[in-house]
Amino acid sequence: PSIPSSKGGCIMKLFRMFLVSLALSLIFAGAALAKADVTELYAEALMTGDVESLDKLLAPNYWHVSANGHIQDKEHFLASLKERKLVIDRIRLSNMRSTVMGDVTLVTANGELKGSATPPLPQGLMRYTMVLNKVGKETKIVLFQATPVVPSQDCRDGNCAIR
């Protein structure tokens with residue numbers, strides 16, 4: 001038997017609404033992943049010493065504040081990685097939170113750090129802060145800062161005491 005036109009029309013409307021909802025969900029999920037991808041790409045490039053990828057991810061006015069308090073601009077930061085004066089064996093970002101203000105995104109996270117540098121890097125639990133700036137369709141990293149923190153119960157929620 002055939003479906004009466006009123007029922008068939010209703011089913012078609014529901015199917016169209018489902019497709020629109022699915023498309024919107026995928027668009028918004030893609031936008032959220034794009035932000036996470038920049039931080040993940042940054043962490044991966046740090047661990048592999050991929051200076052070429054970092055050069056593309058970092059804004060021209062990038063600042064890197066190491067866990068040891070050493071501050072470098074983009075040029076000197078990339079040079080320290082090339083010369084292996086800074087080696088990141090592991091950087092893990094967790095408990096990430098972000099807020100968007102126009103074209104700028106502020107990201108905070110907890111995570112583990114293992115690496116070596118001159119002056120020496122503290123190891124272990126860190127509080128990370130990143131500032132991202134959207135320029136056109138690209139998002140560039142403007143600032144990265146790692147701050148050593150004390151492990152505690154509150155730290156699971158991101159409220160870590162500074163070491």
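A continuous path of Ile, Leu, Val, Met, Phe, Trp and Tyr side chains, each step under 4.5 Å between heavy atoms, connects F77 with M47, placing both in one hydrophobic cluster. Hydrophobic clustering keeps I141 apart from L106 (ILVMFWY residues linked when any side-chain heavy atoms are closer than 4.5 Å, directly or through intermediates). A chain of hydrophobic side-chain contacts below 4.5 Å, direct or via other Ile, Leu, Val, Met, Phe, Trp or Tyr residues, connects V142 to M101.
From L93, atom CG reaches atom CG of N110 across 9.5 Å, with rounding to the nearest 0.5 Å. Here the CD atom belonging to E83 is positioned 11.0 Å from the OG1 atom belonging to T118, to the nearest 0.5 angstrom. Here the straight-line distance linking atom CZ of R92 with atom CG of L113 works out to 11.0 Å at 0.5 Å rounding. The structure places CG of D89 at 11.5 Å from CD1 of I91, a figure rounded to the nearest 0.5 Å.
Side chains of P122 and N68 form a contact here, defined as non-hydrogen atoms less than 4.5 Å apart. Using a 4.5 Å heavy-atom threshold, the side chains of E112 and M126 count as separate. Here the side chains of V135 and N133 are in contact, with some heavy-atom distance below 4.5 Å. Side-chain contact check for E44 versus L41: every heavy-atom pair is 4.5 Å or farther apart. Residues N95 and T108 are not in side-chain contact: their nearest non-hydrogen atoms beyond the backbone lie 4.5 Å or more apart. You'll find the side chain of F144 stays beyond 4.5 Å of the side chain of V107, heavy atoms only. Between L132 and V104 the shortest side-chain heavy-atom distance does not fall below 4.5 Å. Contact check for V131 versus T105: no side-chain heavy atoms found under the 4.5 Å cut-off.
For K140, the NZ atom sits in a packed shell: over 12 heavy atoms of surrounding residues, nucleotides or ligands are nearer than 6.0 Å.
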Which donor-acceptor pairs under 3.5 Å do the side chains of residues 59-66 make with protein atoms, sequence neighbours left out?
{"residue": "Y62", "atom": "OH", "partner": "Y42", "partner atom": "OH", "Å": "2.6"}
{"residue": "Y62", "atom": "OH", "partner": "H64", "partner atom": "ND1", "Å": "2.8"}
{"residue": "H64", "atom": "ND1", "partner": "Y42", "partner atom": "OH", "Å": "3.3"}
{"residue": "H64", "atom": "NE2", "partner": "S66", "partner atom": "OG", "Å": "3.3"}

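When atom types are taken as modelled, the side chain of K74 and the backbone of L58 share a donor-acceptor pair closer than 3.5 angstrom. Counting only distance, with no hydrogens or angles, the side chain of Q123 and the backbone of L121 share a donor-acceptor pair below 3.5 Å. Side-chain atoms of S53 do not come within 3.5 Å of backbone N or O of D50 as any donor-acceptor pair.
The two atoms that bring Y128 and G111 nearest to each other are CE1-CA, 3.6 Å, heavy atoms only.
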